[in-house]
Number of protein chains: 2
Amino acid sequence: MKQFTKQIKKGLLELVILKLLNDEDLYGYSLIQKVKEKSNNSLDIKDGTLYPILYRLEDSNMIESYWEQIDTTRSKPRKYYKITDNGKTGLNDMLDEYLEISKGINLILNSEVNNNDL
Amino acid sequence: MKQFTKQIKKGLLELVILKLLNDEDLYGYSLIQKVKEKSNNSLDIKDGTLYPILYRLEDSNMIESYWEQIDTTRSKPRKYYKITDNGKTGLNDMLDEYLEISKGINLILNSEVNNNDL
DNA sequence: ATAACTTACTTTGTATTACAAGGTATATTA
DNA sequence: TAATATACCTTGTAATACAAAGTAAGTTAT
């Protein structure tokens with residue numbers, strides 16, 4: 001994958017995952033698909049990326065997990081993740097920060113050439 | 001500084017700097033001010049961040065530098081940076097990537113709760 | 001004058017994080 | 001029954017924003 005793409009995503013995946021878990025409980029594998037689907041295939045999280053993020057979020061009490069067997073035809077349960085109240089607060093803070101930075105970046109990227117010397 | 005803010009910026013500062021140098025030649029210190037000013041104070045690059053980025057961009061032939069003494073009252077020249085043709089191509093590629101990822105992220109962040117189970 | 005501040009450039013070390021690449025094991029489909 | 005998809009996990013690596021430190025010249029206030 002392109003190095004730049006990797007870098008753009010730094011930190012943002014955590015935000016994206018929190019946002020999705022704010023809507024509904026999901027298990028790891030389904031989160032990967034959800035991210036891909038909801039982003040219109042623009043975002044593709046690797047499993048080796050996702051799981052460490054989930055453990056991080058759990059360690060910081062933003063989310064919590066539980067094993068559950070919903071599908072009775074399956075012998076193995078899945079590990080579901082659920083956002084906590086703490087996580088909801090964190091999500092809002094992160095959204096504010098993201099919007100602020102993102103606005104600043106777009107101000108620069110969308111500006112037309114404006115060379116006063118010419 | 002907030003850790004999340006740091007992470008959001010990963011990789012994006014390179015893009016922002018290239019974009020500004022695409023408009024006009026600038027020296028390091030003025031770039032810091034330019035970024036702050038043009039982003040409406042949302043972005044504040046530290047000098048310890050900027051200079052390594054400039055050296056990286058120069059190593060990859062995206063920009064080139066020259067010492068110039070424009071202000072005759074100053075004894076010391078400033079090190080100006082100029083975007084190369086290679087850098088212009090790189091900038092366009094990065095802009096495309098950024099827009100793609102950014103679109104995907106916003107699709108997720110702007111989506112309202114849509115829990116089909118309820 | 002001189003102390004304090006700003007301008008301007010540089011370097012070293014640290015923390016963080018996305019991913020590649022490897023692994024395990026069950027479930028489904030050809 | 002072989003291949004593929006599902007589902008989880010771990011280790012090591014590369015990249016990068018920043019803190020913190022330094023050097024040195026220019027400017028401003030007392």
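Below, read A as the first sequence line, B as the second, and so on, with proteins coming before strands; counting in each chain starts at 1.
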| message | Between the side chains of A/Glu68 and A/Lys79, is the shortest nitrogen-to-carboxylate-oxygen separation below 4.0 Å, so that they form an ion pair? | response | no

| said: OP1 or OP2 of D/dA14 versus the side-chain N and O atoms of B/Arg56: is any pair under 4.0 Å? | reply: no

| Interatomic distance where NZ belongs to B/Lys2 and C1' belongs to C/dA15 [whole Å] | 19 Å

| field | Among C/dT26, C/dA18, D/dA17, the nucleotide that comes nearest once only the side chain of A/Lys76 is considered | value | C/dT26

| Roughly how many Å is it from CD in A/Glu68 to P in D/dA7, rounded to a whole number? | 14 Å

| request: Find the distance A/Phe4:CZ to C/dC19:C1' and express it as a whole number of Å. | output: 17 Å

| message | Measuring from atom NZ of B/Lys6 to atom CD1 of B/Ile8, what distance do you get when rounded to the nearest 0.5 angstrom? | response | 13.0 Å

| task | Among D/dC18, D/dT6, C/dT17, find the nucleotide with the atom closest to the side chain of B/Lys46. | result | D/dC18

| task | Would you kindly give the CG-to-P distance between B/Leu57 and D/dT16, to the nearest whole Å? | result | 10 Å

| query | Of the nucleotides D/dC18, C/dC9, D/dA7, which one has an atom closest to the side chain of B/Thr49? | reply | D/dC18

| Atom pair distance, as rounded to whole Å: CG in A/Leu12 and P in C/dT16 | 17 Å

| Across the strands shown, which category fits B/Gly48 at heavy-atom distances under 4.0 angstrom: base, sugar-phosphate, nothing? | base

| said: Is it true that B/Tyr98 and B/Asp93 share a donor-acceptor pair across their side chains at a distance under 3.5 Å? | reply: no

| query | Counting side-chain heavy atoms from C-beta on, which of D/dA17, D/dC9, C/dA18 comes nearest to A/Tyr51? | reply | D/dC9

| message | Does D/dT16 have its OP1 or OP2 closer than 4.0 Å to a side-chain nitrogen or oxygen of A/Lys6? | response | no

| remark: Picking from C/dC19, D/dC18, C/dG22, the nucleotide nearest the side-chain atoms of A/Asp47 would be C/dG22

| message | Could you walk me through whether A/Leu18 and A/Met62 satisfy the side chain to side chain contact (heavy atoms under 4.5 Å, CB included) test, starting with their C-alpha distance in whole Å, then the side-chain angles of each, then the deciding distance to 0.1 Å, before giving a yes or no? | response | CA-CA 8 Å; A/Leu18 262 187; A/Met62 307 277 259; 3.8 Å; yes

| field | First of A/Lys79 and B/Glu14 reached from the 5' end of DNA chain D, by closest nucleotide | value | A/Lys79

| message | By nearest atom, which of the nucleotides D/dA17, C/dC9, D/dA7 is closest to the B/Tyr27 side chain? | response | C/dC9

| message | Side chain of A/Tyr29 only, heavy atoms from C-beta on: which candidate in D/dA7, C/dA18, D/dA17 is closest? | response | D/dA7

| Given atom OH of A/Tyr55 and atom C1' of D/dC8, what is their separation to the nearest angstrom? | 6 Å

| message | If we count only N and O atoms by modelled type, under 3.5 Å, do the side chains of B/Asp47 and B/Tyr29 hold a donor and an acceptor together? | response | no

| Using a cut-off of 4.0 Å on non-hydrogen atoms, how would the nucleic acid contact of B/Lys9 be classed: base, sugar-phosphate, or nothing? | sugar-phosphate

| query | Can you find a heavy atom in the side chain of A/Lys34 that is under 4.5 Å from one in the side chain of A/Leu26? | reply | yes

| Where each residue is assigned the nucleotide of DNA chain D containing its nearest heavy atom, which of A/Gln3 and A/Tyr80 is assigned the position nearer the 5′ end? | A/Tyr80

| field | Protein-nucleotide distance (A/Arg78, atom CZ; D/dT6, atom P), rounded to Å | value | 10 Å

| query | Where the side chain of B/Arg74 is defined as all heavy atoms beyond and including C-beta, which of D/dC8, C/dC9, C/dT7 is the nearest nucleotide? | reply | C/dT7

| field | Whole-Å gap separating C1' (C/dT26) and CD (A/Gln69) | value | 12 Å

| field | Residue A/Trp67, side-chain heavy atoms: nucleotide from D/dC8, C/dT16, D/dC18 that is nearest | value | D/dC8

